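Written below as structure tokens is the structure these notes are about.
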Amino acid sequence: MTPDPADAAASAPLRVILVDDENLIRSALATMLSLEDDLDVRGEAATVTDGVRLARSAQPDVAVLDLQLPDGDGLELAARIAEVSPATRCLLVTSHSRPGYLKRALAQGVLGFLPKTTSADQLARAVRSVASGRRAIDPELAAETISSGDSPLTPRESDVLEYAADGAAIEQIARRAHLAEGTVRNYLSSAQAKLQAANRHEAVAVARRQGWI
């Protein structure tokens with residue numbers, strides 16, 4: 001009896017790639033997912049550029065992407081992966097779990113959005129859900145997103161405000177955000193204007209109160 005190709009496809013492990021610039025975290029994720037019999041980690045990358053190249057060659061079922069990357073962000077990468085590997089579905093795993101990012105991700109068609117505090121079991125289940133076309137969204141972030149309203153800030157403005165929250169100097173914020181100091185000043189100035197804040201500290205307070213950072 002000839003095997004049914006559909007049955008063979010259903011039993012084949014899901015092909016997964018990982019893109020995260022933090023080597024330790026990326027390696028840990030790869031190890032955790034590789035322990036699952038039905039998941040096959042096909043490759044790892046640390047930048048948007050390398051992530052696009054990897055997706056093109058591996059044609060994975062699921063791409064697990066960090067939100068913050070040295071040469072862009074995970075949402076930009078998800079859009080580029082859609083061009084080179086249309087069947088690939090994307091799952092963002094990030095320490096920047098903010099309503100603004102989730103709204104942008106959902107508008108872009110990203111199915112998964114989880115914090116990096118997610119357990120190994122939860123991540124594996126999320127990969128399977130995303131591969132099957134179902135959403136895997138952190139419920140706490142989803143609730144915050146519903147109640148937060150629309151943020152006037154761009155994702156990068158939100159990032160810079162968050163990095164400024166502890167009173168860091170411009171040069172420190174620039175290093176954290178992988179941006180030039182002049183760019184940081186521009187983002188801070190723009191955020192202050194949008195939030196009608198007198199200074200960056202007031203802007204941080206307003207954004208936090210509204211759930212935007």
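Since we're looking at a predicted model, the values are computed, not measured. Both backbone and side-chain heavy atoms feed into the values below; hydrogens, waters and symmetry mates do not.
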* **Exam field: side chain Gln172 to backbone Ala169, donor-acceptor pair closer than 3.5 Å** => yes
* For the residue pair Thr47 and Leu69, establish whether any side-chain heavy-atom pair is separated by less than 4.5 Å. => no
* Arg26 side chain to Asp20 main-chain N or O, any donor-acceptor pair under 3.5 Å? -> yes
* Okay, side chain of Ser129, backbone of Arg125: is any donor-acceptor separation there less than 3.5 Å? -> yes
* Main-chain N/O of Val48 paired with Asp71 side-chain donor or acceptor, under 3.5 Å -> yes
* To do: Taking atom types as modelled, find out whether Arg156 and Thr154 have a side-chain donor-acceptor pair closer than 3.5 angstrom.
  => no
* Asked: From Gln122 CD over to Thr117 OG1, what is the distance, rounded to the nearest 0.5 angstrom?
  -> 8.0 Å
* To do: Please assess Asp66 against Val19 for the test side chain to side chain contact (heavy atoms under 4.5 Å, CB included), listing each intermediate value before the final yes or no.
  => CA-CA 6 Å; Asp66 187 15; Val19 185; over 6 Å; no
* Can you get from Ile17 to Val110 by hopping between Ile, Leu, Val, Met, Phe, Trp and Tyr side chains that sit under 4.5 Å apart? -> no
* Asked: So Leu195 and Leu153, side chain to side chain contact (heavy atoms under 4.5 Å, CB included) or not? Walk me through it.
  -> CA-CA 8 Å; Leu195 300 179; Leu153 304 172; 4.1 Å; yes
* Heavy atoms from other residues, nucleotides or ligands near CG of Leu24 exceed 12 (cutoff 6.0 Å) -> no
* **Within-4.5 Å side-chain heavy-atom neighbours: Leu33 and Leu18** => yes
* Pairwise side-chain contact, Leu114 with Leu92, heavy-atom cut-off 4.5 Å (strictly under) -> no
* Mind checking the CZ-CZ spacing from Arg53 to Arg56? Nearest 0.5 Å is all I need. => 8.0 Å
* Asked: Can you tell me how far the CZ atom of Arg185 sits from the CG atom of Leu179, to the nearest 0.5 Å?
  -> 12.5 Å
* To do: Check whether any side-chain heavy atom of Thr88 sits under 4.5 Å from a side-chain heavy atom of Gln59, and report yes or no.
  => no
* Exercise: identify the closest heavy-atom pair between Ser95 and Lys116 -> N-CG, 3.9 Å
* Just wondering, are more than 12 heavy atoms of other shown residues or ligands nearer than 6.0 Å to CD in Glu171? -> yes
* Does the side chain of Val16 come within less than 4.5 Å of Val64's, by heavy atoms? -> yes
* **Any donor-acceptor pair under 3.5 Å from Gln108 side chain to Leu75 backbone** => yes
* To do: Taking side-chain hydrogen bond (donor to acceptor under 3.5 Å, both in side chains) as the test, write out the residues that go with Arg200, two or more places apart.
  => none
* side chain to side chain contact (heavy atoms under 4.5 Å, CB included) assessment of Leu14 paired with Glu36 -> CA-CA 10 Å; Leu14 295 172; Glu36 303 291 330; over 6 Å; no
* Flag for Gln68-Asp21: side-chain donor and acceptor within less than 3.5 Å -> no
* Measure across Ala165 and Arg208 and return the closest heavy-atom pair with its distance rounded to 0.1 Å. => CB-NH2, 3.3 Å
* Asked: Do you know the tightest heavy-atom contact between Cys90 and Leu65?
  -> SG-CD1, 4.0 Å
* Taking the side chain as every heavy atom from C-beta outward, state whether Asp138 and Thr118 have any pair of such atoms under 4.5 Å apart. => no
* To do: May I ask you to decide whether Arg15 forms a salt bridge with Asp40, counting only side-chain N to carboxylate O separations under 4.0 Å?
  => no
* Structure fact -> In terms of heavy-atom contacts, Pro60 and Ser85 come closest through CD-OG, 4.0 Å
* To do: Measure the CZ-CD1 distance between Phe113 and Ile137 for me, rounded to the nearest 0.5 Å.
  => 8.0 Å
* May I ask you to decide whether Arg176 forms a salt bridge with Asp166, counting only side-chain N to carboxylate O separations under 4.0 Å? => yes
* **Close side-chain approach of Leu77 to Val52, heavy-atom, < 4.5 Å** => yes
* Asked: What is the distance from atom CZ of Arg42 to atom OG of Ser57, rounded to the nearest 0.5 Å?
  -> 10.0 Å
* Counting distance only, does the side-chain N/O of Thr31 pair as donor-acceptor with the main-chain N or O of Ser27 below 3.5 Å? -> yes
* To do: Could you please spell out the steps behind the side chain to side chain contact (heavy atoms under 4.5 Å, CB included) verdict for Asp50 and Leu54?
  => CA-CA 6 Å; Asp50 289 343; Leu54 177 59; over 6 Å; no
* Asked: How long is the gap from OG1 on Thr94 to CG on Leu141, to the nearest 0.5 Å?
  -> 10.0 Å
* Asked: For Leu188 and Ala164, which heavy atoms make the closest approach, and how far apart are they?
  -> CD2-CB, 4.3 Å
* To do: Answer yes or no: is there an ion pair linking Asp38 with Arg128, defined by an N-O contact shorter than 4.0 Å?
  => yes
* Structure fact -> Smallest heavy-atom separation, Ala207 atom then Leu161 atom, equals CB-CD1, 4.0 Å
* Asked: For Gln192 and Ser189, does a side-chain donor sit closer than 3.5 Å to a side-chain acceptor?
  -> no
